[in-house]
Colleague: 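Take a look at the following structure, please.
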Amino acid sequence: MEPNQAFAQSLREASLPRYSQLPTLELYKDQLVELTNGYLAPFFLGETAVTDTMVNNYVKLKVIAPPVKKRYRREQLAQLILTCLLKKVLSIAEVRQLLAVQVQEDAIEAGYDYFCQRMEQAVRAVGGDSGLWQPAEGDSSPREALLDHAICSFVHKLYFERILAEQNDN
């Protein structure tokens, strides 16, 4: 299998944990970072998705909620997963705004699960034979359209980076 095909295949098989699958136990920062990096490994091409310092910055910038007694809940883990993926194509201020819009209209659970579902659809479509993935048309709400366009940007950037890396290797 060619490297690009292997990459596409790994993404087609990649999945994000749904909200109900995230740990209910409170996590220390090192556990939060380790879990997040594990969940996001297929999407980061061998890069580290998040570090302790990044978590501190996201808390300071109010992208994710601060820990309670140095422990993070699954709401914060979901926020961190979304942030790590979206920061590849959006500024941190834009990520914060997008997450605020999502939470206004939906509980974190529904918004997070919608994001996971759409992200998986996008990586499978772009990694398969269907070519460019397009955001949903028609009945989608402005909130869903925003999220879909951010996902579309992320997935296309991911594939661009992979193809560029392969060109540099040749």
Colleague: Once you round to the nearest 0.5 Å, how far does OG1 of Thr83 lie from CE of Met54?
Modeller: 11.5 Å
Colleague: Applying the 4.5 Å side-chain criterion to the ILVMFWY set and letting contacts propagate, would Leu22 and Tyr28 be lumped into a single cluster?
Modeller: no
Colleague: Side-chain heavy atoms under 4.5 Å apart, restricted to Ile/Leu/Val/Met/Phe/Trp/Tyr: what other residues fall into the cluster of Phe160, or is it alone?
Modeller: Leu164
Colleague: Residues in side-chain contact (heavy atoms from CB on, under 4.5 Å) with Lys157, at least two apart?
Modeller: Val89, Glu161
Colleague: Should Val63 and Gln79 be marked as a side chain to side chain contact (heavy atoms under 4.5 Å, CB included) after you check the CA-CA gap, both sets of side-chain angles, and the distance that decides it?
Modeller: CA-CA 8 Å; Val63 178; Gln79 292 169 337; over 6 Å; no
Colleague: For residues 32-43, please give each side-chain donor-acceptor pair under 3.5 Å, one per line with the distance, not counting sequence neighbours.
Modeller:
unit_1 : atom_1 : unit_2 : atom_2 : d
Thr36  : OG1    : Leu32  : O      : 2.8
Asn37  : OD1    : Ala49  : N      : 2.9
Asn37  : OD1    : Val50  : N      : 2.9
Asn37  : ND2    : Val33  : O      : 3.3
Asn37  : ND2    : Val50  : O      : 3.0

Colleague: Would you say Arg124's side chain and Ala14's backbone share a donor-acceptor pair under 3.5 angstrom?
Modeller: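 Flag set: sc Arg124 to bb Ala14 pair under 3.5 Å.
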Colleague: List in chain and number order the residues that pass side-chain hydrogen bond (donor to acceptor under 3.5 Å, both in side chains) with Tyr72, two or more places apart in sequence or in another chain; answer none if no residue qualifies.
Modeller: none
Colleague: Dump the intermediate steps for side chain to side chain contact (heavy atoms under 4.5 Å, CB included) on Phe115 and Leu85, then the final yes or no.
Modeller: CA-CA 11 Å; Phe115 175 87; Leu85 290 167; 3.6 Å; yes
Colleague: Quick one: side-chain hydrogen bond (donor to acceptor under 3.5 Å, both in side chains) partners of Arg73, sequence neighbours excluded?
Modeller: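 For Arg73, the residues satisfying side-chain hydrogen bond (donor to acceptor under 3.5 Å, both in side chains) (neighbours in sequence not counted) are Glu75.
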Colleague: Suppose the criterion is salt bridge (Lys or Arg N to Asp or Glu O under 4.0 Å): which pairs have a residue in residues 92-102, not counting sequence neighbours?
Modeller: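 Output for this query is empty, none listed.
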Colleague: side-chain hydrogen bond (donor to acceptor under 3.5 Å, both in side chains) with Gln21: which residues, sequence neighbours excluded?
Modeller: none
Colleague: Holding to salt bridge (Lys or Arg N to Asp or Glu O under 4.0 Å), I want the full list of residues that pass it with Arg71, two or more places apart in sequence or in another chain.
Modeller: none
Colleague: Kindly write out the residues that satisfy side-chain hydrogen bond (donor to acceptor under 3.5 Å, both in side chains) with Asn56, not counting sequence neighbours, or none if the list is empty.
Modeller: Lys29
Colleague: Nearest 0.5 Å please: distance from the CD atom of Gln31 over to the CG atom of Leu77.
Modeller: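 That separation rounds to 11.0 Å.
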Colleague: Partners of Arg74 by salt bridge (Lys or Arg N to Asp or Glu O under 4.0 Å), sequence neighbours excluded?
Modeller: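 None.
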Colleague: Do any pairs count as a salt bridge (Lys or Arg N to Asp or Glu O under 4.0 Å) and have a residue in residues 42-51, sequence neighbours left out, and if so which ones?
Modeller: Glu47-Lys88
Colleague: Between atom CD1 of Ile151 and atom SG of Cys116, what is the distance when rounded to the nearest 0.5 Å?
Modeller: 8.5 Å
Colleague: Please name all residues satisfying side-chain contact (heavy atoms from CB on, under 4.5 Å) with Ala150, sequence neighbours left out, ordered by chain then number.
Modeller: Leu86, Leu90, Leu98
Colleague: Could you grab the distance from atom NZ of Lys60 to atom CD1 of Ile92, nearest 0.5 Å is fine?
Modeller: 14.0 Å
Colleague: Measuring from Ser15:OG to Gln117:CD, what's the distance to the nearest 0.5 Å?
Modeller: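 So the OG of Ser15 and the CD of Gln117 are separated by 13.0 Å.
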Colleague: Looking at Leu16, is its backbone amide N or carbonyl O close enough to the side chain of Glu120 to form a donor-acceptor pair, meaning the two atoms are under 3.5 Å apart?
Modeller: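 A pair under 3.5 Å: yes.
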Colleague: When rounded to the nearest 0.5 angstrom, what is the spacing between CD1 in Ile81 and CE in Met119?
Modeller: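 It comes to 11.0 Å.
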Colleague: With under 30° as parallel and over 60° as perpendicular, where do the rings of Tyr112 and Tyr19 fit, or are they tilted in between?
Modeller: perpendicular
